[in-house]
Amino acid sequence: MAKKTAGKKVRDILFGVLSFFLSLFLFMLSLGVVGEISLFNKSFWIDQMNSTNYFVDKCDEMTDRLVILGYASGLSKDFCEKIVDPIMITTDTETYLDDFFEGGTGRVDTTAFKQKFISELESYIKEKNAKVDQSNVDYLVKNAESRYKDCVKIPLLTQIAGYFHAVKKYLPYITAGLALLFAVIVLVLTFGNRWRHRIFKYLYFATAADCLALTTVAVYVSINGGLKNINLQSRALYQMVVLFANNVNIMLWVVAAFFLVSAFLFFFLYRSFYLRLTSD
Amino acid sequence: MSRAHKHRHNKKVGGKSFVILPILFFVGIFTVMYIAIAPTFGTLISAASVMFSDGENDYSTEYKNIFVPVQENATVETVTNTVGEPEVKAETVEFPHYGNQFAEIKIPACDIECPLFMGDGDVALSNGVGIYYGSFLPGYGGTTLIAGHNNTFFNGLKYAEAGQEIIIRTSYGNYKYVIRETAVKDSLDTTAYDLSADYENLILYTCYPFDEIGLTKDRFFVYADLVEGIPLEKEIGEGE
């Protein structure tokens, strides 16, 4: 009798540990899936940009930068206002993101900008009959190009590029591996327990813990206002990043709610199977 | 099974473990995640914290104007220093922050009259001229280095000559300088200005040549000495 009780205890501990690992893998899997469909998904970035009017705002910011450059180099405001347009910014930002998401450094193609700037500058010089020193003009073009590059680039991505590419490369494998481990543990729980109510008990432990963990993360992000206090020079980028963080947080809430519903479901299944068993 | 027995079982369904274990698992998840993440991403997480400020960013391009002109014949509140000379009382001065317009500069012979800002950032140079943040305010007894664009507010500097007057009007007093000399120097020539000078002097500079399209590598400097104006009480600088 004592031997049987000890064996039952060991089995309970073993399944309890398995249940913990199930919750851990599920939590990581949830974060992995949220990451895959948001941070590491180029289309999600573009969607956030479109939702915040990013390209139009970026166009205005670049025009402002050119106007300031114009003050220092003898170019009129009218000239600076006709160089960039939202289509040019959209195309170059998408090319930049393509390059970055494909593992590159995030090269900005300035060809269209440079062509437009140089052709407009030549017409402007001709029209004003202004005196120029070619080396000063070259320096101006180089400076304008550099400003355009800075405008299109997303500084956050440049700073985290190393981590980003490493995680992006392995994330699908990690996610698949976690899903596999999850399936294996569920199978062990299913075939290792004679009584079905116990399977639901362990599944309840795992999903309830994940619900708590994800809710904590989501609450922490919500309390801190997402990324509202992030320091970014570009207003367009700031708006995009704040919306991005809010949407990721909403995803976390949704996953937490899913685990809450699952936990309730498993609890009631456990309860009904347990009661059916005890009533027999 | 009797009704009473079934009821007792019914009450036992669940129990403490159904609350305690999920909480323990939750603590365990964060512990494991912390142990796993901290060594790899710890540096990144620490670095990320410097990217946040206490409040939301202000993207306004508006600037604060704290300039209240001191009338010609008006007197400012002064104190007497150790050698018996008057100094503008520190408490009466509103020290300008970066980006504030705090004065006006006027060079009648060059037809220049424009706002003067603290700092020479984009907003300042788009709306007037600005004092290099590492130099001194007028009245401080050091070098005041002022930058402006040659195609806008400092275009008139092309007419600058020795002997002409420069007037800087601030909220704490008016300062008059006389141009000593002008010079064209390379933009990287650090001998063009001495920010450690222990006497009141003014240096204006802009890109050179004037009225040319393009970014130039030379700078046009105007050097001037103070001829009139009450010095600031030194405690301001030491206190700030």
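Computed from a predicted structure; not experimentally measured. Here is the naming used below: chain letters follow the sequence lines, and residue numbers restart at 1 for every chain.
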Colleague: Counting neighbours of OH on B/Tyr208 that are heavy atoms of other residues, nucleotides or ligands and sit closer than 6.0 Å, is the number greater than 12?
Modeller: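 Atom OH in B/Tyr208 is not packed in, count stays at 12 or less.
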Colleague: Does the pair A/Leu31 and B/Met33 meet the rule for a side chain to side chain contact (heavy atoms under 4.5 Å, CB included), with working shown?
Modeller: CA-CA 12 Å; A/Leu31 293 185; B/Met33 292 299 283; 4.1 Å; yes
Colleague: Give the minimum heavy-atom separation between B/His149 and A/Ile68, together with the two atoms involved.
Modeller: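 B/His149 and A/Ile68 have their closest heavy atoms at NE2-O, 4.2 Å.
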Colleague: For the CE atom of B/Met51 and the CG atom of A/Asn231, what is their distance to the nearest 0.5 Å?
Modeller: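 The distance works out to 8.0 Å.
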Colleague: When you look at CZ of A/Phe273, are more than 12 heavy atoms from neighbouring residues, nucleotides or ligands closer to it than 6.0 Å?
Modeller: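 Yes, because the 6.0 Å sphere around CZ of A/Phe273 holds more than 12 heavy atoms from other groups.
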Colleague: Measuring from atom OG of A/Ser135 to atom NZ of B/Lys217, what distance do you get when rounded to the nearest 0.5 angstrom?
Modeller: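 Those atoms lie 5.0 Å apart.
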Colleague: Under 4.5 Å, counting heavy-atom pairs only, tell me which of A/Phe27, A/Tyr71, A/Tyr139, A/Phe21 racks up the most with chain B.
Modeller: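 The option with the most such pairs is A/Tyr71.
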Colleague: Taking atom NZ of A/Lys228 as the centre, report whether more than 12 heavy atoms of other residues, nucleotides or ligands fall under 6.0 Å from it.
Modeller: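 No, because the 6.0 Å sphere around NZ of A/Lys228 holds 12 heavy atoms or fewer from other groups.
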Colleague: Look at A/Val132, A/Leu227, A/Val67 and state which one has the largest set of heavy-atom pairs under 4.5 Å with chain B.
Modeller: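 It is A/Val132.
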Colleague: Looking only at heavy atoms and a cut-off of under 4.5 Å, which of A/Lys201, A/Lys131, A/His197, A/Gln233 has the most pairs with chain B?
Modeller: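 Most heavy-atom pairs within the cutoff with chain B belong to A/Lys131.
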Colleague: Heavy-atom distance under 4.5 Å to chain A: side chain of B/Leu21, backbone, both or neither?
Modeller: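 The side chain, not the backbone.
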Colleague: Does any backbone or side-chain atom of A/Val17 lie under 4.5 Å from a heavy atom of chain B? Answer side chain, backbone, both or neither.
Modeller: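 It is neither, since no heavy atom gets under 4.5 Å.
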Colleague: Between B/Phe25 and A/Ala209, which heavy-atom pair has the shortest distance, and what is it?
Modeller: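 Taking every non-hydrogen atom into account, CB-CB, 3.3 Å.
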Colleague: Looking at A/Ile125, A/Leu232, A/Leu75, which makes the most heavy-atom pairs under 4.5 Å with chain B?
Modeller: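 Heavy-atom pairs under 4.5 Å are most numerous for A/Leu232.
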Colleague: Enter the distance from A/Asn143:CG to B/Leu215:CG here, rounded to the nearest 0.5 Å.
Modeller: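 Atom-to-atom, A/Asn143:CG and B/Leu215:CG are 5.0 Å apart.
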Colleague: Partners of B/Asp211 by salt bridge (Lys or Arg N to Asp or Glu O under 4.0 Å), sequence neighbours excluded?
Modeller: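 With sequence neighbours excluded, B/Asp211 shows a salt bridge (Lys or Arg N to Asp or Glu O under 4.0 Å) to B/Lys158, given in chain and number order.
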Colleague: Roughly how far, to the nearest 0.5 Å, is CG of A/Asp133 from CD1 of B/Ile213?
Modeller: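 Reported value, rounded in 0.5 Å steps: 12.5 Å.
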Colleague: What distance separates B/Phe52 CZ from A/Asn229 CG, expressed to the nearest 0.5 Å?
Modeller: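 That separation rounds to 8.0 Å.
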Colleague: Report the C-alpha distance between A/Phe20 and B/Val32 in whole Å, list the side-chain angles of each, state the deciding distance to 0.1 Å, and finish with yes or no for side chain to side chain contact (heavy atoms under 4.5 Å, CB included).
Modeller: CA-CA 11 Å; A/Phe20 167 70; B/Val32 171; 4.0 Å; yes
Colleague: What part of A/Leu121 is in contact with chain B, defined as an atom under 4.5 angstrom from a non-hydrogen atom: side chain, backbone, both or neither?
Modeller: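 Side chain only.
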Colleague: To the nearest 0.5 Å, what is the distance between CZ on B/Phe26 and OG1 on A/Thr216?
Modeller: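 OG1 of A/Thr216 is found 3.5 Å from CZ of B/Phe26.
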Colleague: Among the options A/Tyr238, A/Tyr163, A/Tyr124, pick out the one with the most heavy-atom pairs lying under 4.5 Å from chain B.
Modeller: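 Among the listed options, the one with the most contacts to chain B is A/Tyr163.
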Colleague: Any sub-3.5 Å donor-acceptor pair from A/Tyr204's side-chain atoms to B/Phe18's backbone N or O?
Modeller: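 At least one qualifying donor-acceptor pair exists.
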Colleague: Is chain A contacted by the side chain of B/Phe153, its backbone, both, or neither, given a heavy-atom distance below 4.5 Å?
Modeller: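 Neither part.
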Colleague: Which of the residues A/Ser23, A/Gly70, A/Ala208, A/Ala72 is involved in the greatest number of heavy-atom pairs with chain B at under 4.5 angstrom?
Modeller: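 Most heavy-atom pairs under 4.5 Å with chain B: A/Ala72.
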Colleague: Heavy-atom count around A/Phe258 CZ within 6.0 Å, excluding the residue itself: above 12?
Modeller: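 No, CZ of A/Phe258 has 12 or fewer neighbouring heavy atoms, counting only those of other groups under 6.0 Å.
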Colleague: Determine whether more than 12 heavy atoms belonging to other residues, nucleotides or ligands lie under 6.0 Å from atom CZ of A/Arg65.
Modeller: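 Result for CZ/A/Arg65: enclosed.
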Colleague: Looking at B/Tyr98, I want to see if its OH is surrounded by more than 12 non-hydrogen atoms of other residues, nucleotides or ligands under 6.0 Å.
Modeller: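 Counting neighbours around OH of B/Tyr98, more than 12 heavy atoms of other residues, nucleotides or ligands fall under 6.0 Å, so yes.
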Colleague: For the CZ atom on B/Phe30, are there more than 12 heavy atoms of other groups (residues, nucleotides or ligands in this structure) within a distance under 6.0 Å?
Modeller: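 More than 12 heavy atoms, drawn from other residues, nucleotides or ligands, come within 6.0 Å of this atom.
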